[in-house]
Amino acid sequence: MGLKITHDDQFVYNDPMRHQTNTLLTETRNTLHQWLSLVIGGIMLFFCFFNLFMINQPNVSLVNGVFGVGNLYFFFMAYHGKAKPWHRHFLTVSATAAAFFAFYNADVRAGAVYWLLLMPPLYCLLNGPKLGLIYTLLLALPTIPLLFIKSDSIAYFPYRSSINFTFAYFLACTVCYIYEKQYEKNSVNLRKMAYQDPLTGTQNRHALKIFFDQFNRIPNDPFQHPRKKEESMRLLIVDIDYFKQVNDTFGHDIGDAVLVDMADLLKRFTDSHNIYRIGGEEFLITLRNHSATQAYKFAEAIRQRVESTTFTPQEHDIQITVSIGIAELHKGQTFRSFLRDADQNLYSAKNQGRNLVHYGVIDTLESVKSA
């Protein structure tokens with residue numbers, strides 16, 4: 001149609017469902033990282049003193065001490081809300097290095113190899129299934145041959161120990177990998193239930209509130225060129241005219257089918273995550289970096305397409321029209337105040353006879369002249 005919104009602007013507003021799912025997973029892993037940093041840091045310091053004073057292994061003690069202090073420091077940072085994504089990788093690498101270094105330097109009968117069996121669950125829980133699998137494979141490459149070499153050569157111990165370790169190690173990885181993948185899948189499904197309209201597949205009012213939060217959180221660029229305009233955001237409220245008559249005449253099942261067809265029509269103009277169903281027959285579309293005239297032309301193209309389309313749910317021929325109100329969204333504007341402004345423009349369109357586009361200071365005549 002030539003009017004589909006592009007995504008090459010300065011800021012990108014992510015799909016709220018994806019954004020919220022990622023946020024939930026990140027928060028879970030940050031919490032896990034925080035308390036694991038405390039626990040693993042404490043364990044490392046214990047072995048630091050144990051290796052130094054009890055079994056006289058200063059090299060292993062030094063590694064445990066350095067990583068132990070580091071993890072306790074990152075626990076302190078996470079506890080005060082200053083955690084960074086790379087802190088989780090430090091915990092992963094430090095726990096791996098300490099466990100492998102102890103296994104490398106100690107006799108195999110000391111049992112240091114048992115700590116390595118905890119690494120696959122740690123990798124998956126902290127870093128997700130894909131990166132966790134990569135970490136698991138990287139650690140297995142030197143560990144299994146080294147275990148074979150360090151095992152006693154009698155009674156096939158090298159083979160028995162290596163096979164047992166390999167099965168246990170990758171079984172732990174498999175269980176955690178499946179769990180994490182299912183957890184991610186369930187999170188997406190739950191977010192769809194919370195933020196997606198079940199009838200039309202568009203986003204709902206909860207998702208729209210998240211969009212408002214995202215928009216208001218984006219800071220103004222202090223280094224922005226003075227001649228460069230701040231990013232603008234305009235929203236369209238599309239309301240089906242006399243939709244109650246459709247329900248009364250054909251039934252609510254046909255009315256629902258019309259709503260689904262209307263959503264599909266709107267998706268031809270823009271990506272689905274820019275479309276929200278905010279009421280029974282009301283939809284909202286977000287337009288980024290569109291001037292007043294561009295927003296009007298976009299809305300008018302939708303109005304004309306709806307007017308010229310015959311909706312045919314269950315072999316019924318139904319003609320409908322829409323009224324569209326447009327309002328500009330400003331930083332700091334509340335969700336409620338914006339809807340009030342957009343509704344006023346929508347009601348203005350309806351008061352002028354419906355099947356119109358209305359945008360505050362721009363009326364139909366002005367927009368036609370500017371074209």
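Please read all numbers here as calculations on a predicted model, not as lab measurements. Atoms considered below: every heavy atom in the structure, side chains included; atoms not considered: hydrogens, waters and symmetry mates.
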Is [Y] reachable from [X] through a run of hydrophobic residues whose side-chain heavy atoms are each under 4.5 Å from the next?
| X | Y | answer |
| --- | --- | --- |
| Phe90 | Leu72 | no |
| Ile43 | Leu118 | yes |
| Val260 | Ile318 | yes |
| Phe101 | Tyr114 | yes |
| Trp86 | Leu91 | yes |

Shortest non-hydrogen separation from [X] to [Y] and the atoms involved:
| X | Y | answer |
| --- | --- | --- |
| Pro120 | Ala172 | CB-C, 4.3 Å |
| Phe67 | Ser94 | CD2-CB, 3.3 Å |
| Leu146 | Tyr104 | CD2-CD1, 3.6 Å |
| Ile324 | Ala299 | CD1-O, 3.3 Å |
| Asn247 | Gly255 | OD1-CA, 3.3 Å |
| Gly41 | Asn71 | CA-CB, 3.9 Å |

| field | Intermediate values then yes/no, side-chain contact (heavy atoms from CB on, under 4.5 Å), Met262 and Val322 | value | CA-CA 10 Å; Met262 172 62 70; Val322 293; 3.7 Å; yes
For [X] and [Y], indicate whether the former's side chain and the latter's backbone hold a donor-acceptor pair under 3.5 Å.
| X | Y | value |
| --- | --- | --- |
| His87 | Lys84 | yes |
| Lys82 | Phe76 | no |
| Thr249 | Val246 | no |
| Arg234 | Ile326 | no |
| Arg160 | Ala155 | yes |
| Asp271 | His273 | no |

| Parallel, tilted or perpendicular, as decided by the 30° and 60° cut-offs, for the rings of Tyr135 and His89 |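 Aromatic pair His89/Tyr135 classed tilted.
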| Taking the six-membered ring for Trp, are Phe148 and Tyr159 parallel (under 30°), tilted (30 to 60°) or perpendicular (over 60°)? |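 Plane angle over 60°, so perpendicular.
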Flag the pair [X] / [Y] as yes when at least one side-chain heavy-atom distance between them is below 4.5 Å, and no otherwise.
| X | Y | result |
| --- | --- | --- |
| Leu236 | Val357 | no |
| Lys267 | Thr202 | yes |
| Arg277 | Leu199 | yes |
| Leu265 | Asp261 | no |
| Thr136 | Tyr177 | no |

Pair up each side-chain donor or acceptor in residues 46-63 with any protein partner under 3.5 Å, not counting sequence neighbours, and list the distances.
residue	atom	partner	partner atom	Å
Asn51	ND2	Phe47	O	2.9
Ser61	OG	Cys48	O	2.6

Pairing donors with acceptors under 3.5 angstrom, does anything connect the side chains of [X] and [Y]?
| X | Y | value |
| --- | --- | --- |
| Gln319 | Thr310 | yes |
| Asp241 | Thr321 | yes |
| Thr286 | Tyr276 | no |
| Ser323 | Asp239 | no |
| Asn30 | Gln34 | no |

| Test log, rule side-chain contact (heavy atoms from CB on, under 4.5 Å), inputs Phe269 and Asn274 | CA-CA 10 Å; Phe269 285 80; Asn274 293 321; over 6 Å; no
| Is any side-chain N of the basic residue among Glu300 and Arg303 closer than 4.0 Å to the acidic one's carboxylate O? | yes
| Looking at Glu180 and Arg29, does any basic side-chain N land under 4.0 Å from a carboxylate oxygen? | yes
| Which distance, rounded to the nearest 0.5 Å, do you find between the CG of Leu116 and the CG of Leu122? |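 One gets 11.5 Å once the value is rounded to the nearest 0.5 Å.
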| message | I'd like to know whether Trp35 forms a ring pair (Phe, Tyr, Trp, His ring centres under 6.0 Å) with Phe75, so could you lay out the CA-CA distance, the side-chain angles of the two residues, the decisive distance to 0.1 Å, and finally the verdict. | response | CA-CA 7 Å; Trp35 296 107; Phe75 163 76; 5.4 Å; yes
